[in-house]
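My structure is below; once you've seen it, I'll send some questions.
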Amino acid sequence: MKDYKRYLLTAALPYANGPIHLGHLAGVYVPADIYSRYLRSKKTDVIFVCGSDEHGVPITIKARQEGISPQDVVDKYHYLNKESFEKLGIAFDIYARTTSPVHYETASEFFKTLYDKGEFTENTTQQYFDPEASQFLADRYITGTCPHCGNEHAYGDQCENCGTTLNATDLINPKSTLSGAVPILKETKHWFLPLDKHEAFLRKWILEENTHWKPNVYGQCKSWIDSGLQARAVSRDLDWGIPVPVEGAEGKVLYVWFDAPIGYISATKELTPDWEKYWKDEDTRLLHFIGKDNIVFHCIIFPAMLKSEGSYILPENVPANEFLNLEGEKLSTSKNWAVWLHEYLADFPDKQDVLRYVLCANAPEAKDNDFTWKDFQARNNNELVAVFGNFVNRALVLTHKYFDGVVPVMGETDEYDKSVLAEFAIAKDKIEKALDNFRFREALKEVMNLARTGNKYLADTEPWKLIKTDETRVKTILNISLQLSANLAILFNPFLPFTAKKLNNILQLENLDWEFGGKENLLLAGHKIARAELLFAIIEDEEIEKQLQKLRDNKAKNDAENQTLAPSKEKIEFEDFTKLDIRVATILEAEKVPKTKKLMKLLVDTGIDKRTVVSGIAEYFEAEKLIGQKVSILLNLEPRKIKGIESQGMILLSEEKDGTLHFVEPSKQASNGSQVN
RNA sequence: GGCGAGGUAGCUCAGCUGGUUAGAGCGCAUGAUUCAUAAUCAUGAGGCCGGCGGUUCAAGUCCGCCUCUCGCUACCA
């Protein structure tokens, strides 16, 4: 790797509409913080920036729901998250926000530069507009009837009943949630970043020059590039965001994905007048720490923006992690299936390092991983307490017991002593190699192994026996044990900063830089150490059970809330019903439509004819088992071509909450063609 | 369906460019030990490395096909 003069680390900007949870930490902030502490400890020139991402539609929705302003929403979560990060020891050099004046200016300028250079394309599209509120509507601000399942409260981007992704224009009877008015389609002009124009560059840059990226990152990028890049709108019709800084753009703001990554730049700008050195000098190594949901933005879109602007460097690596699950289930903010950082900090005061340790030891580096409270407890009790804490405590207690807390002299060393001393530097080397390759789990394991070496050393040399016969030998053994402890303080420091500090206090040492790691003489003979103090406490079953109960309660509460069935629809006239020609029919043939997941092509005997119907049931029924199935069918539905096959009618099915389908099945005696009324 | 990432001991995971009897931690069993927060140390049991086929003197590692999990994407009248 090139010899870089300085580092710029960015951690994904948390969206300011909710608190931080374990998934965020394990995937992004813990590894990023470890890496930045490691670099700082090596006296590297490094800046570590982050901040709140505070624009976008979801924040305006949340504000409306709670009857407060968008600014109130982002203020609340900005400060909550900033404080939570600080308490966990995530030491950003700056935690900025995208509503700051510096960011407004930076993002506007960035847009303006690209605009002036002709890097955008313009396009006029039809968007829903609320004539009463006289503004354009984000998809989320439109509700209507889902064309798929008939749910009357579907949103313009998605129907939450059947889970289908929608376009606002798909909705039947659309309504504005702002005023209740019927929205009208109106032309609106937007600017687009033509990613397709950058395809050649991206292909070469990523696929040829960045083959060292992690497989999950590289593969994801390849997938995107190969499937063809498309222009992306960089502006939206919204009143919450950074105004598009060109004439004729009233009521338009920068699309949140465009302004958010620029937040890294503006944060740096707020931090230091030297910011350009970090963003525009090829001797800077730029690294983006993110979760896998952000790969496309950081590896394709943001680099395309930076490249278009022209004066910025591009990321050298994007060590994205996968996701963390919780007790076997996906984390879900909306289902409240999560462990929130601010709640953890309140429930487990002074256990920041335990969480840091567990999340790093079990980080989802190569694949999704599971966080369980039981594992949390086991790692604390079996590793932090039993291996690290216990070893240090043994060394300290023995030193106090035999030598009144004064570091004894290291006398003549035998082969075994020498091999243990040599381990210091070997361990340091392994840890460095692992960290340099973003292998945090492995690095942490190596530090812990050094503590294991210490426990073994004491067990093998048995100073508590030797003290009766050979005090000189005991002095050497304890000196080495204390040197090992001092090394642990240095090597654990990036991972467990609170504990490292505590240990240094006990050893009466300053926080030593990384370069001292591996050394055999960090503590001089005659140096007085402080009273022994336990580094970690055992976590009892009750505490774990409490957390599990909390999760179960949340789940039960959530299930109860979700059991509410869709409200009944508006009344209709009898005539409306009689328009529907529903008949009894029997499936004669069934065959899965090739190249689809859900579609089944059916031939049904309706009594009056035999017709083809395409139905989205293939996920729940096998073709062979459908033959002979009695069904209800809506006959007089306008035929429609699906995947090139004309579907003449609709099979009636009921749908459970989890999406399972059941036929509305007539009794066996009902004959084909008989009417349902 | 397409693309991407995974599928290695009961659990969580390492195994780089193919090369001796497949590794670690936890858990389990047995023994040792008592300086230490019943912590520590040693030994051991436990694996058709998702399945099938192929390339090779040699495959967990390379190539096909299949299967399961996760993500993106298409489809859903």
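Numbers restart at 1 for each chain; the letters A, B, ... are given by sequence-line order, proteins then strands.
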Inset, instruction - Under a 3.5 Å limit for both distances, which nucleotide forms a Watson-Crick or G-U wobble pair with B:G46, could you say? - result: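 B:G46 is paired with nothing.
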Legend entry - Given A:F388, A:F492, A:F498, A:Y357, the one that forms ring-ring contact (aromatic ring centres under 6.0 Å, His included) with A:F536: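 Exactly one option meets the ring-ring contact (aromatic ring centres under 6.0 Å, His included) with A:F536, and it is A:F388.
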Inset, instruction - Taking only the side-chain heavy atoms of A:K445 (C-beta and beyond), determine which of B:A39, B:C72, B:A24 contains the nearest atom. - result: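 Within the option list, the nearest is B:A24.
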Inset, instruction - Ignoring hydrogens and angles, tell me if any N or O in the side chain of A:R611 forms a donor-acceptor pair with the backbone of A:T606 under 3.5 Å. - result: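 No, A:R611 side chain to A:T606 backbone: no donor-acceptor pair under 3.5 Å.
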Inset, instruction - Verify the distance criterion only: is there a donor paired with an acceptor across the side chains of A:Q483 and A:N479 at less than 3.5 Å? - result: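 Present: a donor and an acceptor within the cut-off.
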Legend entry - Lys/Arg cation over aromatic A:F323: A:K292, 6.0 Å, 45° cone: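 That pair qualifies as a cation-pi contact.
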Inset, instruction - Would you classify A:V614 as touching base, sugar-phosphate or nothing, given that sugar-phosphate means primed atoms plus P, OP1 and OP2, and contacts are heavy atoms under 4.0 Å? - result: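 Counting heavy atoms under 4.0 Å across all strands, the contact made by A:V614 is with sugar-phosphate only.
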Inset, instruction - Could you tell me the separation between the CG atom of A:D368 and the P atom of B:C72, rounded to a whole number of Å? - result: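 To the nearest whole Å, that distance equals 11 Å.
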Inset, instruction - Remember a base hit wins even if backbone is also touched, and classify A:L535 as base, sugar-phosphate or nothing at under 4.0 Å, heavy atoms. - result: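 The answer is base, as A:L535 lies within the cut-off (heavy atoms under 4.0 Å) of a base atom.
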Legend entry - A:N455 side chain, from C-beta outward: closest of B:U40, B:A14, B:A36: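 Looking only at heavy atoms from C-beta outward on A:N455, the closest nucleotide is B:U40.
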Inset, instruction - Give one of base, sugar-phosphate or nothing for A:F536, where a contact means two heavy atoms less than 4.0 Å apart. - result: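 It contacts base atoms.
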Inset, instruction - Starting from P on B:C16, measure out to CD on A:E442 and report it in whole angstrom. - result: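 The distance from CD of A:E442 to P of B:C16 comes to 12 Å, rounded to the nearest Å.
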Inset, instruction - Just call it for A:E383: base, sugar-phosphate, or nothing, with non-hydrogen atoms closer than 4.0 Å on any strand. - result: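 The answer is sugar-phosphate, as A:E383 gets under 4.0 Å only of primed atoms, P, OP1 or OP2.
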Legend entry - A:N382 CG to B:A24 P, straight-line distance once rounded to whole Å: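 That distance rounds to 18 Å.
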Inset, instruction - Just name whichever nucleotide pairs with B:G6, Watson-Crick or G-U, keeping both distances under 3.5 Å, else none. - result: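 Because both required distances fall under 3.5 Å, B:G6 counts as paired with B:C68.
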Legend entry - Any A:N449 side-chain nitrogen or oxygen under 4.0 Å from OP1 or OP2 of B:A24: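 No, because none of the side-chain N or O atoms of A:N449 sits under 4.0 Å from OP1 or OP2 of B:A24.
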Inset, instruction - Answer with base, sugar-phosphate or nothing: what part of the nucleic acid does A:N362 contact at a heavy-atom distance below 4.0 Å? - result: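 Here A:N362 touches the backbone only, sparing every base.
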Inset, instruction - From the options B:A24, B:C41, B:C35, select the nucleotide whose nearest atom is closest to the side chain of A:L398. - result: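 Between B:A24, B:C41, B:C35, the one nearest the side chain of A:L398 would be B:C35.
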Inset, instruction - Identify the nucleotide, in any strand shown, that forms a Watson-Crick or G-U wobble pair with B:A36, with both distances under 3.5 Å; if there is none, say none. - result: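 B:A36 is unpaired by these criteria.
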Legend entry - Below 4.0 Å: OP1/OP2 of B:A42 and any side-chain N or O of A:K456: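 For B:A42, OP1 or OP2 has a side-chain N or O of A:K456 closer than 4.0 Å.
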Legend entry - B:G6 versus B:A45 - spacing of their P atoms, nearest Å: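 Their P atoms lie roughly 32 Å apart.
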Legend entry - A:Q230 CD - B:U73 P separation (whole Å):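 Taking atom P of B:U73 as the reference, CD of A:Q230 is at 12 Å.
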Inset, instruction - Tell me the partner of B:G27, counting only Watson-Crick (N1-N3 plus N6-O4 or O6-N4) or G-U wobble (N1-O2 and O6-N3) with both under 3.5 Å; none if nothing fits. - result: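 Pairing partner, where one exists within any strand: none, as none qualifies.
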Inset, instruction - Consider the side chain of A:K465, meaning its heavy atoms from C-beta on, and name the nucleotide among B:U40, B:U33, B:G25 that approaches it most closely. - result: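 From the listed options, B:U33 comes nearest.
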Inset, instruction - Would you classify A:V385 as touching base, sugar-phosphate or nothing, given that sugar-phosphate means primed atoms plus P, OP1 and OP2, and contacts are heavy atoms under 4.0 Å? - result: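 If one applies the 4.0 Å heavy-atom cut-off, A:V385 turns out to touch a base.
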Inset, instruction - Report yes or no: does A:N294 contribute a side-chain atom to a donor-acceptor pair with the main-chain N or O of A:G291 at less than 3.5 Å? - result: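 Not a single qualifying donor-acceptor pair exists.
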Legend entry - B:A42 and B:G53, which share atom name C1', separated by this distance in whole Å: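 B:G53 and B:A42 have their C1' atoms separated by 45 Å.
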Inset, instruction - Give the nucleotide from the list B:A77, B:C70, B:U40 with an atom nearest to the side chain of A:L637. - result: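 Nearest listed nucleotide: B:A77.
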Inset, instruction - Looking at every strand, decide which applies to A:P215 at a 4.0 Å heavy-atom threshold: base, sugar-phosphate, or nothing. - result: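 Sugar-phosphate: the residue A:P215, judged by heavy atoms under 4.0 Å, touches backbone atoms but no base.
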Inset, instruction - Give none if B:G18 has no partner; otherwise give the nucleotide forming a Watson-Crick or G-U wobble pair with it, both distances under 3.5 Å. - result: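 Pair assignment: B:G18 / none.
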Inset, instruction - Could you pick out which residue, A:K330 or A:I538, lies toward the 5' side of RNA chain B when each is mapped onto its nearest nucleotide? - result: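 Taking each residue's closest nucleotide, the earlier one in sequence belongs to A:I538.
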Legend entry - Integer-rounded Å distance: B:C16 P and A:K214 NZ: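 Going from NZ in A:K214 over to P in B:C16 covers 16 Å.
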Inset, instruction - Name the orientation class of the two ring planes belonging to A:F440 and A:F438 (parallel below 30°, tilted from 30 to 60°, perpendicular beyond 60°). - result: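 Tilted, since the angle between the ring planes falls between 30° and 60°.
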Legend entry - Whole-Å distance separating the CD atom of A:E462 from the C1' atom of B:A42: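 About 12 Å, once rounded to whole Å.
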Inset, instruction - Please give the nucleotide sitting opposite B:G1 as a Watson-Crick or G-U wobble pair, both distances under 3.5 Å, or none. - result: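 Pairing partner: B:U73.
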Legend entry - Pair assignment for B:A58, Watson-Crick or G-U wobble, requiring both distances under 3.5 Å: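 Because no pair has both required distances under 3.5 Å, B:A58 counts as unpaired.
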Legend entry - Charged N-O contact under 4.0 Å between A:K330 and A:D368: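 Between A:D368 and A:K330 there is no salt bridge, as every charged N stays at least 4.0 Å from the carboxylate O atoms.
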Inset, instruction - Looking at every strand, decide which applies to A:A361 at a 4.0 Å heavy-atom threshold: base, sugar-phosphate, or nothing. - result: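 A:A361: no heavy atom of the nucleic acid under 4.0 Å.
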Legend entry - Any side-chain heavy-atom pair of A:N362 and A:F376 under 4.5 Å: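 No, too far: nothing below the 4.5 Å cut-off.
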Inset, instruction - When you get a sec, tell me which of B:C26, B:A36, B:U40 is the closest nucleotide to the side chain of A:N393? - result: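 When the side chain of A:N393 is considered, B:A36 is the closest of B:C26, B:A36, B:U40.
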Inset, instruction - Give a yes/no answer on whether the side chain of A:R394 brings an N or O atom under 4.0 Å of OP1 or OP2 in B:C41. - result: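 Answer no for this pair, as no side-chain N or O of A:R394 is under 4.0 Å from OP1 or OP2.
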Inset, instruction - Pick base, sugar-phosphate or nothing for A:K222, based on heavy-atom distances below 4.0 Å to the nucleic acid. - result: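 Here A:K222 touches no strand at all.
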Inset, instruction - Round to a whole Å and report the spacing from CG of A:D226 to C1' of B:A5. - result: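 Distance, rounded to whole Å: 15 Å.
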